[in-house]
Amino acid sequence: MSVPDYMQCAEDHQTVLVVVQPMGIVPEDQFFRIYKRISSVSQVSIRDSQRVLFIRYRHHYPPENNEWGDFQTHRKVVGLISVTSCNTAKEWPQTSDRFHGQKEVFGSTLYDSRLLVFGLQGEVAEQQRTDVAFYPSYDDCPDVEKRVEDFVESIFIVLESKRLDRATDKSGDKLQLLCVPFEKKDFVGLDTDSRHYKKRCQGRMRKHVGDLCLQAGMLQDALVHYHMAVELLRSVNDFLWLGAALEGLCSASVIFHYPGGTSGKSGARKPGVSSAADAGKRHRPGALTTNAISADTSTEIGRAKNCLSQEDIIEKYKEAISNYGKYKSAGVIELEACIKAVRVLAIQKRAMEASEFLQNAVYINLGQLSEEEKIQRYSVLSELYELIGFHRKSAFFKRVAAMQCVAPTIPEPGWKACYKLLLETLPGYSLSLDPKDFSKEKKEVTQSLENYTSKCPGGMEVISLPDGLKLPPVPFTKLPIVRSVSLLNLPASLRPHKVKGLLGQGMSSASPFIYSPITMHSRGDERSKKIDFQWVQGDVCEVQLMVYNPMPFELRVENMGLLTSGVDFESLPAALSLPAESGLYPVTLVGVPRTAGNITINGYHTSVFGVSSDCLLEGLVGVKSSGCMVEVVPSLPRLQLCTSLPRSAHLSSEDLSTSVSLQLFNGETQQLTITLENIGTEMLNTLELTSKTLSTKEKLFGEFLTWDLQDALSHLPLKSGQSVSIPVNISAKLDFSGQENLLHDLNDDGISVTGLPVSSPLRQVLKPRAENKPVGTDASKNEFNHVKTLEAVLTFKYSGGAGEVEGYYRELSLGVRVDVEPSVFFTRVSTLPATSTRQCHLLLDVFNSTEHELTLSAKNNQDLVLHASECQRMAIQVDKFDFDSMPVMDHDALRLATVRQQEEKRQQVQGGLINSTLDIHWTIISFTKGSCPDKTVP
């Protein structure tokens, strides 16, 4: 037996097999119309009986399978219906001969046969024959179903007679040994009189009678015979027939437990088996009378005591399949038994056990199968896995069947069938061709792609096919999607500047004209792409991309870098992870130009899911860019600035490298140490320092920032890694005289400030107000906040290396912010004559506006101690000043200056003379242990 029936189910053991075949030339569509009507008669209730006969129809059945009819009677062809066309009486004899020849194919097993003739009319058609039915046409055949029912009843009569004949043991006769085809040669020469042989014959016959009882509708009798056959066959180790008896027992039990069938076809079977009690009460003429079987089996049957439980059915199936597996020639029987067991387990919802049976079925060797048989086998396995809920496994075998449709060994590949089967696999793999559902599948698709590329990395190589066709690489330009590309300028401290006197040296002098519209037009496209800033050779440069992840999961992008041309460029790849459907996300790609010239950003390269892609900007749709070309100037040194003061927030009005801030009392001077370190690769050759005081309304006396650069210049040239220090003096000398509200407390007692006596108890007057208004409150801050602010910028201009030759330099800027608080005021100034006419006494009423105790000193005078918020008088003997004889400005400057400017200059000169003569300094006593130097009173 070499051709399996993949549609087998347990209830098929109860059916009789009828083959319906066309004979001669019959239109295919007409034949299947008649076949459909014939097969609609799938069960017939026998008249004068409560039994039902079930019929299984096949339009094609291999004759070699019919040879296994004694092993399992449902495999035996017991009925034949031939369908033919015959138009004239002359054709009838030939048609009749063909019918007899067709019967001879299954002649040894046929119970009855019928011939349906279409198209013949006349005397021949009017003959009354039981085995032949004549119809004028395929459309005019109203009683086909009725004739089929009569045909089935005739089969039942033969079946019943055979059952009775086999069930009766005639005294003195030997039992026939039933065999399968491959056993006949093994039993030649056996001792037929041995007890072992007789038990084998008896057990096989019991099993055969059980099959006939099951077909005849006697379920409980079949169960009894199967049980007895199992005992007999087990005792003689007849494993093949023991497996058949066990399978018959399982089939009968399945029919009892599941009257609706296990094939899964709705309406395929109508329960027609009587109950166990009714079966026991009925008289069955000719039942077994010897060999331990009585005519009335109701006492043995009881209430289905011989029927297996649902759990035992599966155990017996396993035993039967195990026995089949011992015979190589029984592979088809074993495979069909596995399929039957799976269908039973599917109804019991025991998917895991069903998968074990299917796994066993996969490895059953059936020998050389045709391509069509392979396709059928894999398709049925797919359907069975689908039946038990293993959707992915089902899709796998359906895909194998699809690939088998276009196997290289098939002369005409079935591409349509392959496509149809592949479409049916999509639900099993949770795939969908609907764009709305595609987002759910992207993750699995990309994971599969990553698995493939881990074994065979994807690149940008051109693939050449054997026929000479070349397939270009396809980059992943949508993973991620790039919306804009922007070249970023260097930080302010690293930007190159051109020496003003050399700005025109790079221009071509080939044309004698200052302006040429032809030249400008020829360079129009290049200028439209070129950026108006420069990069520097050897420095890290940045390009910002705004990207978008369209995938519904996190996207990992590896080895993302820039594609450039024009100069040698070292791209520094980046790895990033973009959130699912992230929206626009900024990504900065960096690199280092190694030579000078014009560099063009052509695109970027990525590695996504293991596939390397080179994405060119010119091929991207909807990408915004302000230009892709930039000039790279020769390398320059790079300085790093550090200060002795901590950093602070940058000044709002300047683009600075760094900033410092400090607090000074008016007249105080503090030193700031600036350290410059060459952290680049080029040597520092030139260094300049300039300062700029930002616009202020405050009147400033003297220089705000002063320094000496000679010591630093003596260390030039400065190699990489070396540093120099530059001391910068910060002096805060402002005019606080305009803020009369600073001393408004002095007027509380009605005494004039200018006439304040030395002995006035100022401390007692001011102290209570300070106590009443704590410093921490907002009102206190607003009332006593007399701080003034000075801001300036120190700019270091430096150059070196190849960039210096081309006239480029860099600037490093430091912002300085000073908050100046009031210190010492002269509230009243007066003079008294001295003993000498060349001298006088200078009387100064000095007020300490700080919260600290300080000491006031002057040239050739005793120190004066002032407590916080205290005012005292100080007398200094000095030489009289002759201001009229002092030159203020030269004649040319005097002629060009206005009257106001002349007055301001005069006061400045006179104030400087007074300060240098008096040399008045103050020192805060509590700071003497610190680094606070003496302060100059402005």
Side-chain angles (χ1 to χ4, degrees), residues 641 643-648 651 654 656 658-675 688-712 725-739 742 786-796 813-826 846-850 852 854-859 866 904-905 907-928 930-938:
L641 186 147
T643 67
S644 57
L645 294 177
R647 292 185 178 183
S648 64
L651 306 184
E654 292 289 332
L656 305 174
T658 185
S659 296
V660 296
S661 62
L662 65 158
Q663 291 182 343
L664 297 178
F665 287 107
N666 191 29
E668 183 180 359
T669 300
Q670 186 168 334
Q671 189 177 85
L672 169 66
T673 302
I674 301 174
T675 302
E688 299 179 13
L689 176 57
T690 59
S691 67
K692 180 180 70 172
T693 302
L694 303 183
S695 59
T696 177
K697 298 178 182 180
E698 308 300 334
K699 186 176 180 181
L700 180 64
F701 296 94
E703 294 293 336
F704 178 35
L705 302 175
T706 57
W707 61 85
D708 185 4
L709 201 60
Q710 293 303 318
D711 183 63
S725 297
I726 303 173
V728 177
N729 293 322
I730 304 175
S731 298
K733 298 180 181 180
L734 298 179
D735 184 9
F736 280 87
S737 60
Q739 299 185 358
L742 186 66
H786 307 290
V787 177
K788 295 184 178 183
T789 301
L790 288 177
E791 292 183 350
V793 176
L794 285 170
T795 302
F796 295 89
S813 55
L814 171 65
V816 179
R817 175 191 173 99
V818 179
D819 293 330
V820 185
E821 299 182 10
S823 56
V824 175
F825 287 92
F826 297 130
V846 186
F847 171 63
N848 178 13
S849 64
T850 70
H852 307 279
L854 59 82
T855 300
L856 194 67
S857 61
K859 186 183 294 185
L866 290 176
E904 290 179 354
K905 185 61 177 177
Q907 291 181 1
Q908 183 178 356
V909 173
Q910 293 174 355
L913 179 60
I914 296 174
N915 284 337
S916 61
T917 303
L918 298 180
D919 192 20
I920 301 177
H921 290 78
W922 58 265
T923 302
I924 296 179
I925 299 175
S926 59
F927 291 170
T928 54
S931 60
C932 182
D934 290 348
K935 318 301 188 292
T936 302
V937 179

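In this chain, residues are counted from 1 in sequence order.
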task = State the CZ-CG distance between F704 and L790, to the nearest 0.5 angstrom.
result = 4.5 Å

key: L705 side chain near I730 side chain, heavy-atom distance below 4.5 Å   = yes

message = Let's go through T923 and L854 carefully: what are the C-alpha distance in whole Å and the side-chain angles of both, what is the deciding distance for side-chain contact (heavy atoms from CB on, under 4.5 Å) to 0.1 Å, and is it a yes or a no?
response = CA-CA 5 Å; T923 302; L854 59 82; over 6 Å; no

request  = Mark yes or no for whether N666, through its side chain, and L734, through its backbone, hold a donor-acceptor pair below 3.5 Å.
outcome  = yes

ask   = Is the backbone N or O of T673 less than 3.5 Å from a side-chain atom of S644, with the two atoms forming a donor-acceptor pair by type?
value = yes

query = Quick one: CD on Q671 to CG on L645, what's the gap to the nearest 0.5 Å?
reply = 10.5 Å

message = Checking side chain to side chain contact (heavy atoms under 4.5 Å, CB included) between L689 and each of L814, T795, I674, L709, which is the one that passes?
response = L709

request  = Starting at CD of E703, measure out to OG1 of T669 and round the result to the nearest 0.5 Å.
outcome  = 12.0 Å

request  = Compare every heavy atom of A712 with every heavy atom of S725, then report the nearest pair and how far apart it is.
outcome  = O-CB, 4.5 Å

note = Rounded to the nearest 0.5 angstrom, the NE2-CG distance for H852 and L866 is 14.0 Å

T917: partners by side chain to side chain donor-acceptor pair (under 3.5 Å), with sequence neighbours left out = none

key: Distance in Å, I920 CD1 paired with K859 NZ, rounded so as to fall on 0.5 Å steps   = 11.0 Å

task = Please report the shortest heavy-atom distance between G815 and L656, naming the atom on each side.
result = CA-CD1, 3.6 Å

query = What pair of heavy atoms forms the shortest contact from T850 to S823, and how long is it?
reply = CG2-CA, 3.7 Å

message = Quick check: closest heavy atoms across V824 and S849, and the distance to 0.1 Å?
response = N-OG, 4.4 Å

key: Separation of L641 CG from R647 CZ (nearest 0.5 Å)   = 8.0 Å

request  = Would you check, one step at a time, whether the test side-chain contact (heavy atoms from CB on, under 4.5 Å) holds for W922 with T855?
outcome  = CA-CA 5 Å; W922 58 265; T855 300; over 6 Å; no

message = Please find the pair of heavy atoms, one from W707 and one from S691, that lie closest to each other, and give the distance.
response = CH2-OG, 3.5 Å

task = Please step through side-chain contact (heavy atoms from CB on, under 4.5 Å) for the pair T690 and E688, ending with a clear verdict.
result = CA-CA 7 Å; T690 59; E688 299 179 13; 5.5 Å; no

